[in-house]
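Notes to accompany the following structure.
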Amino acid sequence: MNLETNKIAAAVLTAGIIAMTSGFIAGILVHPHKLEQSVYKVEGVGQAAAPAAATGPAPIEPIAPLLAAADVAAGETQSKKCTACHTFTQGGPNRVGPNLWDIVGAKHAHAEGFAYSDAIKNKPGNWDYEELNQFLANPKAYAPGTKMAFAGLPKASDRAALIAYLRSLSASPKPLP
Ligand code: HEC
């Protein structure tokens, strides 16, 4: 064997060893195991394979597809369910709940001087459309420990209308999703 062949043989051997050991180490580090159920549920897919879904809370319908056609006036009617606790006007006061002018896209716990629960204060991110959807469908499920004593709006079309109304309460409404 000449030197070149030796080098090639050594290289092939080294590559093989690296491949083997890295696979072995990855196996130790990653501990692959199967999810008990799929994390993201797609309606109509995998339902039979995940019977646990039947016992949990019903999945909340995503709001984005409904917003474009949502009825802002119907949303204003829905907002009557909120006015016992919230004002909606620009610069309106906080009541039992915070003022909700320009809430779409605002950070969680957005109102100055309102004593929020830790549940809302510690939520990362902003009130984007889907966050509002989840919260308004079931406030206590979205933010366990929230002070908002409101059962939620179970109908997706009601939430879409209301969120479209909330979006309109702004000097520059956020773009639709
Ligand atoms: C019984 C009183 C009450 C009703 C009714 C109510 N809320 Fe609230 N809302 C609250 C309180 C209190 C908070 C503060 C929650 C916390 O700190 O946990 C809150 C917080 C919120 C927030 C978060 C605001 C922020 O700055 O992070 C939104 C959004 C909201 N409410 C929307 C609504 C909408 C829309 C309705 C009507 C469908 C509604 N609420 C009905 C009392 C109420």
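Values below: every heavy atom of this structure, side chains too, minus hydrogens, waters and symmetry copies. Note that ligands are numbered from 1 as they come in the structure, with each ligand's atoms numbered from 1 the same way.
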Could you list each N/O atom of ligand 1 together with any protein N/O atom closer than 3.5 Å, one pair per line with the distance?
unit_1   : atom_1 : unit_2 : atom_2 : d
ligand 1 : 7 (N)  : His86  : NE2    : 2.7
ligand 1 : 9 (N)  : His86  : NE2    : 2.8
ligand 1 : 17 (O) : Ser117 : N      : 2.8
ligand 1 : 17 (O) : Ser117 : OG     : 3.4
ligand 1 : 18 (O) : Ser117 : OG     : 2.5
ligand 1 : 18 (O) : Thr146 : OG1    : 2.7
ligand 1 : 18 (O) : Lys147 : N      : 2.8
ligand 1 : 26 (O) : His110 : N      : 3.0
ligand 1 : 26 (O) : His110 : ND1    : 2.5
ligand 1 : 26 (O) : Tyr116 : OH     : 2.5
ligand 1 : 27 (O) : Ala109 : N      : 2.8
ligand 1 : 27 (O) : Trp127 : NE1    : 2.7
ligand 1 : 31 (N) : His86  : NE2    : 2.9
ligand 1 : 40 (N) : His86  : NE2    : 2.7

(message) Please enumerate all residues that pass salt bridge (Lys or Arg N to Asp or Glu O under 4.0 Å) together with Lys121, with sequence neighbours excluded.
(response) Asp118
(request) Would you check if Cys85 and Arg95 make a side-chain contact, meaning some heavy-atom pair closer than 4.5 Å? (result) no
(message) Quick test of your reading: applying ring-ring contact (aromatic ring centres under 6.0 Å, His included), list the pairs with at least one residue in residues 111-130, sequence neighbours left out, ordered by first then second residue.
(response) His108-Trp127, Phe114-Tyr116, Trp127-Phe135, Trp127-Tyr142
(message) Main chain of Gly97, side chain of Asn94: is a donor-acceptor contact present, judged purely on distance under 3.5 Å?
(response) no
(message) According to side chain to side chain donor-acceptor pair (under 3.5 Å), does anything in residues 151-165 pair up with another residue at least two apart or in another chain? List the pairs.
(response) Gln78-Asp158, Asn133-Arg159
(request) Check whether any side-chain heavy atom of Leu162 lies under 4.5 Å from a side-chain heavy atom of Ser79, and answer yes or no. (result) yes
